[in-house]
Student: 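Once you've had a glance at the structure underneath, I'll fire off some questions.
Read the numbers this way: they start at 1 and go in the same order the structure lists the ligands and their atoms. Here the structure is a predicted model, which means the values were calculated and not measured.
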Amino acid sequence: MPQVKVAVVGAGVIGFSSAVCIAESLPNAAVTIIAEKFSPDTTSDGAAGIFFAAEFHEIPVERQRRWFKDSFNHLLQIAHSAQAPHAGVMLSSGCQIFKQEPAVKRPFWADLVIGFREMSPSELQRFPEHGFGQVFTTLKCECSRYLPWLQHRFIKAGGVVEQRHVSSLNELCGFDLIVNCSGLGSKALADDSAVFPVRGQVLKVSAPWIQHFIRDSDGKTYIYPGIESVTVGGTRQEHDWRLDIDEQDTTGILERCKKLEPSLENAVVLSKWVGLRPSRKCPRVERGVMKTKGKNIPVVHNYGHGGWGVTLAWGCAVDTLGLVTQSLRDIRPVAKL
Ligand code: FAD
């Protein structure tokens, strides 16, 4: 049986999750990841990697619940295994706080994380400017460890890795199917003007006494303890392409975070980082087709996850695998995948 040649463009958390899913599930597919940047140089590498999600209003909530649930359950198994520190996955407990009571008090994922409940008035006393809060245990996935771990898993499943810039998907016409996981690169590669950056700056600090996360619901101020350091953030600057550190942002981040957690006064700043969230009104996880040199090559798109790509990566990869399988059946109806 001849192999089907599949190219996955992108080596961030979306590309590697998709590539691993395909390579491990379709033994007859020869999968190559092609990307300009690999770990530690992708956006995914610097993400705090906490499992949260905002609701995308253009996507049925049941589909978003499935993405969240598939991701959460997959990584929870890893968190409960001896692989956890190698994969950079850990459980993380803490709270999300709101200045005023939100219209939706239970997000769509409330029953998918562990022990979700509202904060009591005495718990809220710690945050005098906030009037409502939620406590729960979720996951944190540090991609600086997770991506190399996924790459190892991908190569073990027979995958091939190639580092290069792709100027146009037409360059990949030697493949039977293309999976586009190029994040912000999709603005050019998929000719999608709806894709835009949301700049995020974060600091890593040494503060080992901080064990619980705190997130302000505006998404701009958060404290996430991790395996080796605490990530404090952040910024959400739409359409801002700057990748350099802005020291005004640094000052603002530290001031805002110290208001929530005064003990950060004693923390040592270890590093500063900026990343551009590959944003869109909603993620694009769907089939398309590329017409080139008289051929129709199926393309499965998986990009535009904004600030929630780590959270949704495995669930969207499972959907992508389904779309790849359908597309391959269409081009090779009798092929045994
Ligand atoms: P990327 O990681 O950017 O990967 C894109 C890949 O495509 C790269 O390999 C790149 O080289 C390749 N590529 C692009 N164009 C081309 C081309 N033309 N040719 C070849 N290769 C190309 N998410 C969460 O779920 N939880 C969080 O707590 C969280 N915190 C965040 C904090 C910050 C400050 C930031 C910036 C983001 C955060 N995110 C978080 C969001 C998360 O980082 C992204 O959603 C996720 O990394 C997107 O993954 P990706 O694989 O699509 O993109």
Student: Do the side chains of Arg236 and Glu238 get close enough for a salt bridge, i.e. N-O under 4.0 angstrom?
Tutor: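 Salt bridge: no.
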
Student: Only distances under 3.5 Å count here; give the side-chain donor-acceptor pairs of residues 74-84 to other protein atoms, sequence neighbours excluded, each with its distance to 0.1 Å.
Tutor:
residue, atom, partner, partner atom, Å
Ser81, OG, Ile78, O, 2.8
Ser81, OG, Gln83, N, 3.1
Gln83, OE1, Trp149, NE1, 2.7

Student: So, are Lys259 and Asp216 salt-bridged, with charged N and O less than 4.0 Å apart?
Tutor: no

Student: Any Lys/Arg nitrogen of Asp319 or Arg66 sitting under 4.0 Å from an Asp/Glu carboxylate oxygen of the other?
Tutor: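 Arg66 and Asp319: salt-bridged.
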
Student: How long is the gap from OG on Ser193 to CZ on Arg280, to the nearest 0.5 Å?
Tutor: 9.0 Å

Student: Kindly determine whether Phe213 and Thr138 satisfy side chain to side chain contact (heavy atoms under 4.5 Å, CB included), including the steps that lead there.
Tutor: CA-CA 10 Å; Phe213 72 78; Thr138 186; 4.0 Å; yes

Student: Applying a heavy-atom distance cut-off of 4.0 Å, which protein residues contact ligand 1?
Tutor: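 Shell around ligand 1 (4.0 Å, heavy atoms): Gly10, Ala11, Gly12, Val13, Ile14, Ala35, Glu36, Lys37, Thr42, Thr43, Ser44, Ala47, Ala48, Gly49, Ile50, Arg164, His165, Val166, Cys181, Ser182, Gly183, Gly185, Leu189, Gly200, Val202, Trp273, Gly275, Arg277, Pro278, Gly306, Gly307, Trp308, Gly309, Val310, Thr311.
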
